[in-house]
Amino acid sequence: MKRQMHRIGFSYDWRTEVTTCEPEYYRWNQWFFLRMLERGLAYRKKALLNWCPECGTVLANEQVVDGCCWRHESTPVEQRALEQWFWKITAYTEELLRSIDDQLEGKWPERVMAMQRNWIGRSDGAEVDFTLENSGEPVRVFTTRIDTIYGATCVILAPEHPIAQKLLDETGRGRAKQMVDARAQKGPGDIAKEGFFTGAYAINPFSAARLPVWIGNFVLMDYGTGAIMAVPAHDERDFEFCTHYGLPIVPVIRPVDGVLDENPKAAFTDDGIVENSGEYSGLPSEEARRVMSARALHDGFGEPKITYRLKDWGISRQRYWGTPIPVIHCPKCGVVPVPEKDLPVILPTDVKITGKGRSPLEDVPEFVNVKCPQCGTGARRETDTMDTFVDSSWYFYRYCDPHNDRAPFDPAAVARWFPMDQYIGGVTHAILHLLYSRFFTKFMRDLGLVEIDEPADNMFTQGMVLGADGSAMSKSKGNTVDPEEMIAKYGADTCRLFTLFAAPPEKDMPWIEASVGGQRRFLERVFRFVTRNMDRESPGDPAAGRRALRKLHQIIRKVTEDFDNRWHFNTSIAALMELLNTLFDEESNLSAEALAQILPSLVLMLAPFAPYTAEELWAQLGRTGPVFRQPWPCYDPELAQEEAAEVVVQVNGKLRSRLHVPFGTLEIDLKQSALSDPKVQPFTEGKQVVKVIVIPDKLINIVVR
RNA sequence: GCCCGGGUGGCGAAACCGGCAGACGCAAGGGACUUAAAAUCCCUUUCCUGGAAACGGGAGUGUGGGUUCAAGUCCCACCCCGGGCACCA
């Protein structure tokens, strides 16, 4: 990979290279872990994970294919509760959301910000307690539509809800467990809505209605409170569920400019006017929500509530390749952090990768068996490793101080460089790396390591190079392109030019080999033009020289602006091709003097795109120093100026003629010439000229009727 | 379903602030040079249409409306493609 980068001519500063799998780097992952632990931001929790009974291991979501294990295609995956380490990214939820608007808006791609907002998934609503009829125990539900609460016809619990476990008998709990496993096998949404009555009833605190309590497979335990009130008249899912089980449908919202539909054929989910809702009847939905949640708070049976979709970051991995989690499990003291002086916990190298799924580190006794740092009894080292996204969450700070062995980095060094002016990456990281590294930055700020809230001022998502078929390259599709092979075949400069020329950098671009040759031809044409003209002595034609120099300065301006503003190097290269076409046209009439200006500028402009060719030509021109160390050519606005303005003449918006006039020609004269133009007259003859729009030096539009 | 992108020739694309649609390149076709081929150079290439030619005319940027002297560009509605999220209450 590094060799490929060298061959293609990338110039990175390798002195600051950081290798995240070296102890020198990952010890600081462990250091950060200990800081998280101190602050209560790292914790252990039982979580539901994908479990393959055949392998006897946890699987990542990506390893579950159609509800079955990727290695045992007929073995359904179960959900199992396992102890895992989590980092509390949710401590920063609101800030992560808010600073998108405050700091990133306008500087980050809309797409990335939208994806992050979407992922964080803020939803404003209320929690309300329904009271169980027998025990008096509250069942808390989350709703965004408290204004529809008079229309609730049942309460539905997630199958794994603790209250459900209490209400159900043995058979019922079995049915509930089946639902949980079934959901693991099929993606949610692909599964038919199913449920059953628990036998219990709960009281609606607003209407005092007695509602049956059901179990529903579509109610999620890990969102909201794991319990909902079903309002079939105003929620599509509830409508489907209640219709299926014959539960009543009670409409309580009418359209603002309509009447209440007493027998709805589908849920009416828009806001409207509240009806049949006691003292709240007649209020618009939005106001009703405000008043009713305030009432719930006041009377102590609920409160306004904001719920987020974002969950804490599970960082435990049962993989070899990752940073060892620096804790020790002691039978007496429990979870004991590895003392800082014992860092780094080194990942052993003599490990058999069994492919068994469980951490291979468990089979390394020298690693696992340790003494408790607190009490000295025999203890076991944590064998899970960290998600590798931990490595990438802060690597860029380390560039400022890559070999620091006392801290992740010197805060002063980072303060000098950060925030990054420009971060570039693929959109595939929009909600992984780009969210984690924002979280990390805020965490590091709270540790006092950085003074900034966001790592990158500007973000740019570049497109991918796709296979010739227009889909992402993958070995299984057989549409991969080997860069080294291409370099060997066409040369590094040609490959660079093609990559830059085919599309603007934010766009995906198929690698169509048939088009690569054009870039090679362009380079050869430049090479020929420069080498055969560098020793020319002929006097040349001054007019040709002026034309060539005008084009040269126009193109310097164009290319410079592309670098400054938009990085649309495809148009920069097109401009250089245009320049070369002009130079070929004028070639035989160019003076040595004109060439002395043209040739070095051309080579300098070529250098960022085709450095090898440019370097060679620079040397052939007898210049010293590497070409990439030379100042960028300047353009002279006067030389770039066209001799005459070309003014387009339109009649009713249609192009009819062009005038060539001195710049600054007066409107009245332009109008005169346009109206008397022989190409224009056939279109104005016999018509009434209503209006003449004149944009000086540019355009005239004659409006006739 | 919701949220982002995007839709322009045979293909990749350009048109940056509402002002000449298709720059630049690929591919294709024709020609010059050559014994021949490669390479190179020249010409044609959005569609329809008039003309022997010179040179014109009309339509055209996913669809339908709108704003404007002028719309690929702005507004409204819709269709299609790509991506993200998704029984999220």
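To find a chain, count down the sequence lines: A is the first, B the second, and so on, and within it residues start at 1. Note that the structure is a prediction, hence the values are computed from the model and not measured.
To the nearest 0.5 Å, atoms CZ (A:Phe142) and OG1 (A:Thr307) are separated by 3.0 Å.
For A:His429, the ring-ring contact (aromatic ring centres under 6.0 Å, His included) partners are A:His433, not counting sequence neighbours. Legend: residues meeting ring-ring contact (aromatic ring centres under 6.0 Å, His included) with A:Phe241, ordered by chain and number and at least two apart, are A:Trp214, A:Phe218, A:Tyr245. Every ring-ring contact (aromatic ring centres under 6.0 Å, His included) that A:Phe301 has, sequence neighbours left out, goes to A:Phe206.
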- prompt: So what is the 5' to 3' dot-bracket string for RNA chain B, if pairs are Watson-Crick or G-U wobble with both distances under 3.5 Å, crossing pairs use [ ] and | means the partner sits on another strand?
  reply: (((((((..(((......[....))).(((((.......))))).(((((....)))))..(((((..]....))))))))))))....
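On the C1' atoms, B:G9 is 23 Å away from B:G19, given to the nearest whole Å. For B:U68 and B:C55, the P atoms lie 39 Å apart once the distance is rounded to whole Å. The separation of B:A13 from B:A70, taken at their P atoms, amounts to 32 Å, rounded to a whole angstrom. B:C2 and B:G10: their P atoms are spaced 34 Å apart (whole Å).
Listed nucleotides B:A89, B:G19, B:C88 differ in distance to A:Ile695; the shortest reach to its side chain belongs to B:G19. Which of B:C69, B:A13, B:G19 sits closest to the side chain of A:Pro504 comes down to B:A13. Checked against B:G19, B:C16, B:G57, the side chain of A:Gln650 finds its nearest nucleotide in B:G19.
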Just distance, no hydrogens or angles: give the donor-acceptor pairs under 3.5 Å from side chains in residues 105-114 of chain A, sequence neighbours left out.
| unit_1 | atom_1 | unit_2 | atom_2 | d |
| --- | --- | --- | --- | --- |
| A:Glu105 | OE1 | A:Arg117 | NH2 | 3.1 |
| A:Trp108 | NE1 | A:Ala456 | O | 3.1 |

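Proximity of A:Lys193 to the phosphate of B:C87: no side-chain N or O atom is located under 4.0 Å from OP1 or OP2. Within the 4.0 Å cut-off from OP1 or OP2 of B:A86, at least one side-chain nitrogen or oxygen of A:Arg309 is found.
Nearest approach of A:Cys242 to A:Thr153, heavy atoms of both residues: SG-OG1, 3.9 Å.
By the 6.0 Å and 45° rule, A:Arg532 stacks over the aromatic ring of A:Phe584.
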message: How would you summarise protein contacts on nucleotides 23-34 of chain B per nucleotide, using B for base, S for sugar-phosphate only and - for none, with heavy-atom distances below 4.0 Å?
response: BBSSS-------
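Regarding A:Leu655, its CG atom lies at a distance of 21 Å from the P atom of B:A15, rounded to whole Å.
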